[in-house]
Amino acid sequence: MELITGAYEPKETESKIYEQWEQSGYFNPDNLSVEKDAKNYIVYMPLPNVTGTLHMGHALNNTIQDIVIRYHRMNGYRTLWLPGTDHAGIATQYVVEKELKKKGISRFELGREKFIEKVWEWKNQYGNTIISQLKKLGVSCDWSRIRFTMDEAYAKDIQNAFVHYHEKGFLYRGKRVVNWCPRCGTSLSELELEYKDEKSKLWYIKYPLTDKTGYVVVATTRPETMLGDTAVAVNPKDERYKNLVGKTLLLPIMHREIPIITDDAIDMEFGTGAVKVTPAHDMVDFEIGERHTLEVIQVIDERGKMNESAGIYNGMKAEEARGKIIEKLKEEGLLEKEEEYDHRVAICYRCGHVIEPIPSLQWFLKMNDLAKNALDAVKSGKVKIIPNNFEKKYFDWLENIRDWTISRQIWWGHRLPVWFCTNQQTTENYIVSIEKPDTCPFCKNCDMEQAPDVLDTWFSSALWPFAGLSESDLKNYYPGTTLITARDILNLWVARMIYSGIEFKKELPFMNVFINGTILTKDGKRMSKSLGTGIDPLKYIDQYGADATRFGIMWQANGQDIRWDETAITAGKKFANKLWNASRFVLQQTEHLKQKPGDITPITEADKKILGALGEIKKSVKKDIEEFEFSKPLHNAYDFFWHEFCDVYLETSKEQIKDEKLSENTKTILLHVLLSSLKIFHPFIPFVTEEIYSYIPLENKKKYLMIEEW
RNA sequence: GCGCGCUUAGCUCAGUGGUAGAGCGACUCGUUUACACCGAGUAGGCCGGGGGUUCAAUCCCCUCAGCGCGCACCA
C-alpha cells in the first residue's frame with residue numbers, strides 16, 4: 001500500500017500534480033487523442049487585467065470554466081480553454097501613474113515614450129501574477145496559446161478592425177459632449193461609468209425676463225454650469241409658460257440674453273418645469289441644443305476647472321465656483337430657494353473621480369447595424385444567455401444604443417491607425433492606414449503624425465475570440481462553444497464580442513453565455529478591495545487546498561449571488577479527506593485486482609443498490625453540468641459518495657468480503673464505484689482525484705484521470 | 001420612477017401543490033483495523049406580513065414590507 005496513511009495533505013500533492021498536467025500536454029487540444037470527428041468544446045477565458053490579482057470572483061468564474069472544460073475533455077471533446085491577459089488601458093495606466101507619483105513624477109514630465117516603457121516594465125514584472133495564481137487554482141487552460149492584448153498579432157487584428165469600420169463608413173470623428181474623467185484625462189463610454197449616491201441640493205434660480213416683466217425659475221443641481229447656459233426650455237404642452245415662449249431671459253451673472261424654447265424632452269413634473277439648457281455640459285442639453293441650434297459655450301475644462309468663458313470664476317475648480325455662484329445669486333436676490341436632494345453622480349470606473357460631461361473631439365463608432373446583429377443573435381436563439389433573465393439587460397442596452405466613443409486620451413493602449421497632416425490639422429485632414437504614409441496626401445510634403453489617442457480597451461477585448469487565435473488555429477478553434485462570465489461585462493464585453501464575431505468572421509463567437517453569480521460578503525455587501533471587504537482565495541488555497549476551495553465555492557454557487565460562507569470550505573476539506581480515506585480502504589482491499597472495472601455483476605441487494613445509485617448519479621451529474629448547474633450535482637454526488645457509498649456500501653462490503661462467494665465480486669464493485677466516483681468528482685476537485693487515481697491498480701488505464709472517459 | 005432577483009433551522013443555502021432538507025454550528029452517545037477532518041442519534045422552522053385560488057399553499061396569483069442589483073433625459 002503506497003498511499004500515505006492519515007489525513008490527506010493537499011499541499012504536498014497539488015503543485016506536483018499541476019506540474020504533471022502541464023507536462024502531459026493535455027491542456028492543449030492538439031495532443032488529445034480524440035476521434036477525428038470529435039466535437040469541439042471551446043471556452044475563451046474572460047481576460048483578466050494585467051493589473052489584477054485573484055479575487056473570489058475570478059476563483060468562482062474560473063472554477064466553473066475549469067469544471068466545464070474538464071468535463072468535456074474527459075468525455076471525448078476536442079477541448080480548448082484559451083487564456084490571455086488584457087492590457088487594461090486606463091486601469092494599468094492609473095496603476096503606473098500612481099507608482100510614479102510616489103516618486104514625485106508625472107507622466108507628462110516623463111513623456112509618452114518613456115512612460116510607455118515604464119508601463120511595459122511594470123507589465124513584465126507584475127503582469128503574470130494572476131496567471132500563476134490561476135494555476136494554483138488548478139485551471140486547465142492551454143498555456144501554450146496564451147495571448148496578451150498588446151501582442152503584435154493581436155494589435156494587427158485591432159488595426160484591421162479599425163480600418164474595416166472606417167472603410168465601411170462606421171467611423172466618424174466629431175466634437176460632442178462625452179463623459180470625461182478629469183483625473184484620468186480621458187473620455188469614457190457610458191458603460192464605463194459607475195454611480196454613487198450623493199446628498200446634494202436642488203437650487204431654484206430666478207432668471208429675469210429681458211423685458212423686466214418678471215422672471216422664470218429654474219431648478220438645478222449644478223449651478224456652476226449656468227455660466228454656459230444658452231437657453232431655458234419648457235415642455236410645449238406646459239400651460240404655465242405658454243405666453244413666455246419666444247421671449248428672452250437675461251442670464252444672471254453673465255448677463256447674456258437667452259431664449260425660452262420648447263422641447264419635448266422636458267418633464268413638466270420636475271422642479272418648476274423650466275430647465276436651464278447647457279449644451280456644453282450635459283448630454284441631453286447637447287441634444288436639445290442641436291435641435292434648436294443653440295450655441296455651445298464650454299465653461300469647464302478638461303481638468304474640471306472653470307475656463308476663460310466663466311468670467312471671474314476662471315481657474316476655479318467647478319465645485320468652488322458652485323459655492324461662489326450661489327453666494328452671488330443670494331446677494332442679488334436671485335436664489336428663490338434650495339431643497340435637499342439625493343441624487344446619483346457618475347464616477348469613473350477606474351479611479352472613482354466624478355465624471356464631467358464636456359464637449360470633446362472624439363472618434364465614434366456607429367452602432368446601429370452592429371447592435372442589430374448582436375440583438376438578432378440572441379433573439380433568434382443562436383446565442384443563449386443563461387440564465388435567460390439577463391437577456392433583458394442585453395436587449396435594453398442594444399435597443400437604446402448610442403454611438404460608441406472609442407478614442408481615449410491616454411497613452412497605454414492601441415494607438416489609432418490614423419495619420420494627420422502636420423501642416424493643416426483639421427477634422428478632415430487625416431487618413432486611416434496601418435502603415436505610416438510616405439507622403440501626405442494633403443500638403444504633399446509634411447511628415448504625417450499618428451493620432452495621439454488610443455482605442456478603448458473594450459474595443460480590443462471585443463475581438464478576443466478570434467484575435468486571440470493564430471491564423472491556423474482560427475480554422476480549428478473558432479467559433480467557440482461557451483462563454484462563462486460575470487454579469488457586469490455582459491454589454492461592455494459580451495455583446496461587443498458577438499457583433500464583432502459576425503462582422504469579422506461571419507460567424508458567432510460562441511453559442512452559450514453563462515452568467516455566474518456574484519460573490520458577496522456574508523452581510524450581502526459587495527466584495528471590494530478598496531472597501532476592504534474582499535477575501536483572498538489564495539488564503540484558502542494555502543490553508544485548505546485548492547480542491548477544498550473549489551469545492552467550497554461550488555457548494556454555494558447555485559446561480560444566485562453568493563453570500564460567502566467560509567464553512568463550505570471546511571466541508572470541502574473534510575470531503576477531500578473522506579475521499580482519500582475511503583480510497584485507502586478500497587485500495588487496501590483491491591491491491592491484487594487487475595480486472596477491468598467494467599467486469600462487474602451485482603449479486604447482493606447492496607450490490608444492486610449501489611450500482612443503481614451510481615448509474616443514477618452519473619446520469620444526473622452529466623445532465624446538470626450540461627445544463628450549467630454546478631452546485632446541485634456537487635451536492636448530489638457528495639451525498640452519493642459519503643452516505644450511500646461510504647456509510648452504507650463500504651460497511652456492508654466488510655461483511656461481504658468475509659464471504660468467499662462474494663469476496664472478489666465485492667472488491668471489484670468497490671473499485672468500480674471508486675473509480676467512477678473519482679471521474680465524477682474530477683472536474684470539481686481535480687487534484688485529490690488525480691492523486692488517488694495514480695494508485696488505482698488497473699491495467700490499460702490511461703495515464704491521467706483528466707483524460708479518462710466517464 | 002421603471003425592471004429583475006431574494007426573504008425557509010443559530011449562520012449560509014437547497015427544495016416540493018399533499019407529514020419540511022443539506023453543510024457548518026450546538027447537544028448526547030460511541031474509539032473491534034478507511035476516516036474523530038469519523039460513526040449513530042437529538043434538539044432547533046406560524047418556509048417575511050396580509051389577502052386570494054384550491055379539498056389542500058412554503059410552492060400558484062395579488063398586495064405590502066425589507067434587502068440586493070440593473071436601467072432612467074435623476075435638469
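Per chain, numbering begins at 1; letters A, B, ... match sequence-line order.
Outside the 6.0 Å centre-distance limit, the rings of A:Y638 and A:F684 are not counted as a close aromatic pair.
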What protein N or O atoms touch nucleotides 27-32 of chain B N or O atoms at under 3.5 angstrom, if any, and at what distances?
none

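In this structure the side chain of A:L587 reaches within 4.5 angstrom of the side chain of A:L671, judged on heavy atoms.
For the pair A:K522 and B:C11, the criterion of a side-chain N or O lying under 4.0 Å from OP1 or OP2 is not met.
In this structure, A:L674 atom CG and B:C35 atom C1' are separated by 14 Å, rounded to whole Å. With rounding to whole Å, A:D396 atom CG is found 12 Å from B:C73 atom P. Residue A:D523 contributes atom CG, which lies 16 Å from atom C1' of B:C6 at whole-angstrom precision. Atoms NE2 (A:H643) and C1' (B:A22) sit 8 Å apart, rounded to a whole Å. Whole-Å rounding puts the A:Y195 OH to B:G68 C1' distance at 19 Å. Rounded to an integer number of Å, the gap from CG of A:D282 to C1' of B:A72 is 13 Å. As rounded to whole Å, 12 Å separates atom P of B:C38 from atom CZ of A:F575.
A:W642 comes within contact range of the sugar-phosphate backbone alone, with a heavy-atom separation under 4.0 Å but no base atom that close. Within 4.0 Å of A:L650, counting heavy atoms only, lies at least one base atom of the nucleic acid. Within the 4.0 angstrom heavy-atom criterion, no nucleotide atom of any strand lies near A:L520. Note on A:D267: a base of the nucleic acid sits closer than 4.0 angstrom, heavy atoms only. If you check every strand for non-hydrogen atoms under 4.0 Å, A:K632 touches nothing.
Applying the salt bridge (charged side-chain N to carboxylate O under 4.0 Å, His left out) test to A:K196 and every residue at least two apart in sequence or in another chain returns nothing.
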Pairing string, 5' to 3', for RNA chain B - Watson-Crick or wobble contacts under 3.5 Å, brackets [ ] where pairs cross, | to another strand:
(((((((..((((....[..)))).(((((.......))))).....(((((..]....))))))))))))....
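With hydrogens and angles left out, the side chain of A:N389 and the base of B:G5 share no donor-acceptor pair within 3.5 Å. Side-chain atoms of A:E651 and base atoms of B:A40 include no donor and acceptor less than 3.5 Å apart.
Ranking B:U12, B:G70, B:C73 by closeness to the A:K393 side chain, first place goes to B:G70. Checking B:U12, B:C6, B:C74 against the side-chain heavy atoms of A:Q560 singles out B:C6 as nearest.
B:G25 and B:C69 are spaced 31 Å apart, taking the C1' atom of each and rounding to whole Å. Comparing B:C62 with B:C6, their P atoms sit 14 Å apart, to the nearest whole Å. Atom name C1', nucleotides B:G23 and B:A14: the rounded distance is 10 Å, in whole Å. With both ends at atom P, the span from B:G51 to B:G15 equals 28 Å, rounded to whole Å. B:C24 and B:G39 have their P atoms separated by 9 Å, with the value rounded to a whole Å.
In this structure, A:A568 and A:M268 both approach RNA chain B, and ranking their closest nucleotides by distance from the 5' end singles out A:A568.
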